[in-house]
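Worksheet: one structure, shown below.
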There are 2 protein chains.
Amino acid sequence: MSTDLPPLQGTPTLEDVARVAGVSRATVSRVINGIRNVAPDIQETVQQAIATTGYVPNRAARSLVTRRTGSVALVVSGAGGDAGGEPFESQVFADPFFGRVAGGAVAFLRPRGIHPVLMFAETAHARDQVIGYLRQGSADGALLVSTHGEDPLPRLIVEAGLPAVLWARPARPTPISYVDLSHRAGAELAADRLVARGCRRVATISGPFDVRASQDRLSGFQDAMARYGHPYIPGVEGNFTHDSGEAGMHRLLAEHPDIDGVFAANDLMAQGALLALREHGRAVPDDVAVIGFDDSSAATACRPQLTTVRQPMEDMAGEMARLLLAHIEDPDFQVTSVIFPPALVVRQSA
Amino acid sequence: MSTDLPPLQGTPTLEDVARVAGVSRATVSRVINGIRNVAPDIQETVQQAIATTGYVPNRAARSLVTRRTGSVALVVSGAGGDAGGEPFESQVFADPFFGRVAGGAVAFLRPRGIHPVLMFAETAHARDQVIGYLRQGSADGALLVSTHGEDPLPRLIVEAGLPAVLWARPARPTPISYVDLSHRAGAELAADRLVARGCRRVATISGPFDVRASQDRLSGFQDAMARYGHPYIPGVEGNFTHDSGEAGMHRLLAEHPDIDGVFAANDLMAQGALLALREHGRAVPDDVAVIGFDDSSAATACRPQLTTVRQPMEDMAGEMARLLLAHIEDPDFQVTSVIFPPALVVRQSA
DNA sequence: GTGAAAGCGCTAACAT
DNA sequence: ATGTTAGCGCTTTCAC
């Protein structure tokens with residue numbers, strides 16, 4: 001039937017497919033990359049040849065000429081060192097937050113054949129490694145989630161001229177695209193709810209002050225409460241962990257035993273606060289109403305279930321990915337920021 | 001001072017460094033790859049040139065000739081579709097389990113300059129995508145975590161002759177390396193503890209039956225209890241989620257109101273069980289003792305804190321990575337399985 | 001010990 | 001509409 005061709009050894013290449021199909025490499029390349037200007041019948045022949053050879057394009061070779069890798073870095077950057085000696089990599093996913101962000105990014109990228117490379121950047125050395133990785137052309141750009149404000153990575157990335165999109169506005173003004181939530185609006189929703197419930201002595205467990213989002217949630221809450229005639233709001237600083245929420249609530253209760261409402265800057269801390277309240281024999285929400293932030297899995301894993309400010313993380317992460325691809329596609333794509341609105345999810349705790 | 005060289009445009013290449021250093025590309029390549037047979041002074045000169053040019057090797061070009069990418073795929077494979085329409089990507093990280101595995105793998109890989117590419121494989125199409133990705137040479141191998149037993153991916157990978165290591169023994173015998181825990185031993189630890197506490201009417205909330213680990217934890221528990229003179233152990237099947245644990249406990253209580261001890265196949269379900277018990281007014285551990293599995297963050301996020309069977313996930317993930325690199329390094333590396341021992345972590349719930 | 005030269009597999013001008 | 005050709009940036013024999 002067919003002409004006898006020398007058997008292929010190793011992975012088939014474009015050349016092999018071309019030989020089997022009886023056309024040139026260029027033509028095969030064209031049908032693979034879906035470029036028109038290829039006669040239908042030839043197209044068919046080539047497809048056949050691809051199938052019989054089991055050809056798969058070599059990523060490195062393609063990458064070398066296109067200068068694109070088809071992958072992006074998903075970088076989690078931060079200080080680490082909070083959770084008693086536990087390595088940063090382990091801490092990161094302790095908050096359901098990161099998983100949702102990763103999931104949201106993947107949901108957008110995967111249909112486009114792009115996969116994220118997971119990287120952590122908690123030390124100067126790790127940051128250099130990330131920059132080097134990007135500069136090598138190992139990834140086309142970066143999705144960057146910083147866990148604290150003074151992260152130098154955004155600046156380093158801008159200086160290196162690499163495409164990137166941040167989760168959350170950078171602490172210091174940096175010409176880089178980002179996606180964020182209106183944290184102040186979220187805090188306001190919490191304040192509204194607490195006041196509407198009739199709470200008169202509310203307090204707050206904030207996130208770490210070196211995180212901009214923490215500041216915004218705190219000041220947004222304080223301002224809203226001030227507008228309701230409560231100029232002074234007792235507060236303690238947590239670090240977004242369950243334990244810090246529990247400890248914070250204990251402190252709050254010790255100093256202000258008459259508290260009847262609490263706004264915690266994330267669900268994990270709110271969950272911790274619930275534990276402390278129970279220990280003190282306070283009923284939630286009747287004695288003390290509690291509102292969290294994020295609408296993470298923690299919100300429904302405790303009793304009473306948390307009323308919380310929802311942050312549409314998956315959508316936000318998807319938007320980050322969308323912006324990043326735009327930047328990669330067009331180097332002149334304008335620096336953009338997209339701010340999402342929060343929503344109050346009412347459950348049992350307030 | 002130095003001879004004036006034409007200015008470099010774009011990223012510097014080996015060629016540029018060679019020109020600046022006044023040597024050949026080959027020599028620069030040698031010092032970069034740490035190959036000896038380069039005179040110390042030349043070495044110095046080259047290093048200098050690398051520094052002044054800001055040279056970074058191009059990954060694609062290197063990859064093309066070495067046939068190595070320096071990255072591995074971290075694939076989470078499973079059925080999905082449990083959690084009410086939520087996309088698989090989002091479900092995955094809902095269990096703290098995956099975050100710890102990812103963290104453990106990164107801890108091992110990162111110092112070696114290798115970064116994992118995150119992939120999900122919950123549908124036939126997604127599986128093909130993973131295989132294709134690997135066959136393209138986009139990653140040197142795969143770390144594979146399956147969420148259910150009948151996952152066809154291990155077989156597909158073996159057929160494609162790709163280096164890979166599994167989390168947990170594959171359901172059907174497959175010539176592929178894996179790392180696992182002695183689930184039976186873990187279940188035994190739980191049984192021992194429950195019996196030692198004086199529990200006489202124990203029950204269990206198992207994981208999904210199509211997961212081998214669930215079967216082993218269940219049968220290991222049953223066998224151990226049988227040895228203690230309890231041949232029949234009431235049980236319900238959960239799916240490793242918080243909610244299924246809660247629902248399971250309600251069912252158990254309805255059918256066996258006199259239960260005084262429960263072994264749940266993971267911490268999330270144990271946490272859910274705690275909620276159900278509280279709702280029924282049962283004190284833990286006095287009325288009912290509860291033991292979980294995994295020693296995840298959920299174990300300390302509830303009250304009473306969970307006594308649980310610890311699975312050294314980070315170590316196990318690290319070992320997976322170690323085995324994978326061995327397979328990549330040496331294609332003849334023997335298929336290996338490593339079984340880790342569990343440990344009982346005693347807290348308050350039992 | 002160092003350099004010259006030959007590719008790795010692919011895409012993209014440029015011809016035809 | 002298809003083929004020819006010239007690289008992309010690197011490693012690696014093979015000479016010297």
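Letters A, B, ... are given to chains in the order of the sequence lines, protein chains preceding strands, and every chain is numbered from 1. This one's a predicted model, so the numbers in the text were calculated from it and none came from an experiment.
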### Task
Remember a base hit wins even if backbone is also touched, and classify B:Thr13 as base, sugar-phosphate or nothing at under 4.0 Å, heavy atoms.
sugar-phosphate
### Query
When all nucleic acid strands are considered with a 4.0 Å heavy-atom cut-off, which category describes B:Arg67: base, sugar-phosphate, or nothing?
sugar-phosphate
### Task
Classify the side-chain pair B:Gln334/B:Thr336 by whether it contains a donor and acceptor separated by less than 3.5 Å.
no
### Query
What nucleic acid atoms does B:Ala26 come within less than 4.0 Å of, heavy atoms only: base, sugar-phosphate, or nothing?
base
### Task
Could you state the atom-to-atom distance from CZ of B:Arg68 to C1' of D:dT12 in whole Å?
16 Å
### Message
Using side-chain heavy atoms (C-beta onward) and a distance below 4.5 Å, is A:Thr147 in contact with A:Ser77?
### Response
no
### Query
Regarding A:Thr174 and A:Arg155, is there a side-chain donor-to-acceptor distance under 3.5 Å anywhere?
no
### Query
Using a heavy-atom cut-off of 4.0 Å to chain B, what are the terminal contacting nucleotides of DNA chain C, in 5' to 3' order?
C:dG1 to C:dG9
### Task
Examine D:dT11: is either OP1 or OP2 under 4.0 Å from a nitrogen or oxygen in the side chain of B:Thr66? Give yes or no.
no
### Query
OP1 or OP2 of D:dC8 sitting under 4.0 Å from any side-chain N/O of A:Arg62?
no
### Query
Do B:Arg62 and B:Asn58 come close enough that some side-chain heavy atom pair is under 4.5 Å?
no
### Message
Regarding A:Asn37, tell me which of base, sugar-phosphate or nothing describes its non-hydrogen contacts under 4.0 Å with the strands shown.
### Response
base
### Value in whole Å for how far the P atom of D:dG7 lies from CZ of A:Arg25
14 Å
### Query
Can you check the B:Arg59 CZ to D:dT11 C1' distance for me, whole Å?
16 Å
#### Entry: Rounded interatomic separation in angstrom, taking CG from B:Leu64 and C1' from D:dT12
13 Å
### Query
Tell me: CD of A:Gln136 to P of D:dG9, nearest whole Å?
14 Å
### Message
On DNA chain C, does the nearest nucleotide to B:Val65 precede the nearest nucleotide to B:Pro40 from the 5' side, or the other way round? Give the residue.
### Response
B:Pro40
### Task
Take B:Leu109 and B:Leu143 through the test side-chain contact (heavy atoms from CB on, under 4.5 Å) and record every step on the way to the result.
CA-CA 11 Å; B:Leu109 294 171; B:Leu143 259 18; 4.2 Å; yes
### Query
What's the CG-C1' distance between B:Asp16 and D:dC8, to the nearest Å?
13 Å
#### Entry: B:Arg68 and B:Ile328, any side-chain heavy atoms less than 4.5 Å apart
yes
### Query
In whole angstroms, how far is the P atom of D:dT4 from the CD atom of A:Glu15?
11 Å
### Query
If only side-chain N and O atoms of A:Ser24 are considered, is one of them under 4.0 Å from the OP1 or OP2 phosphate oxygen of D:dG3?
yes
### Query
Do B:Phe98 and B:Trp167 have their ring centres less than 6.0 Å from each other?
no
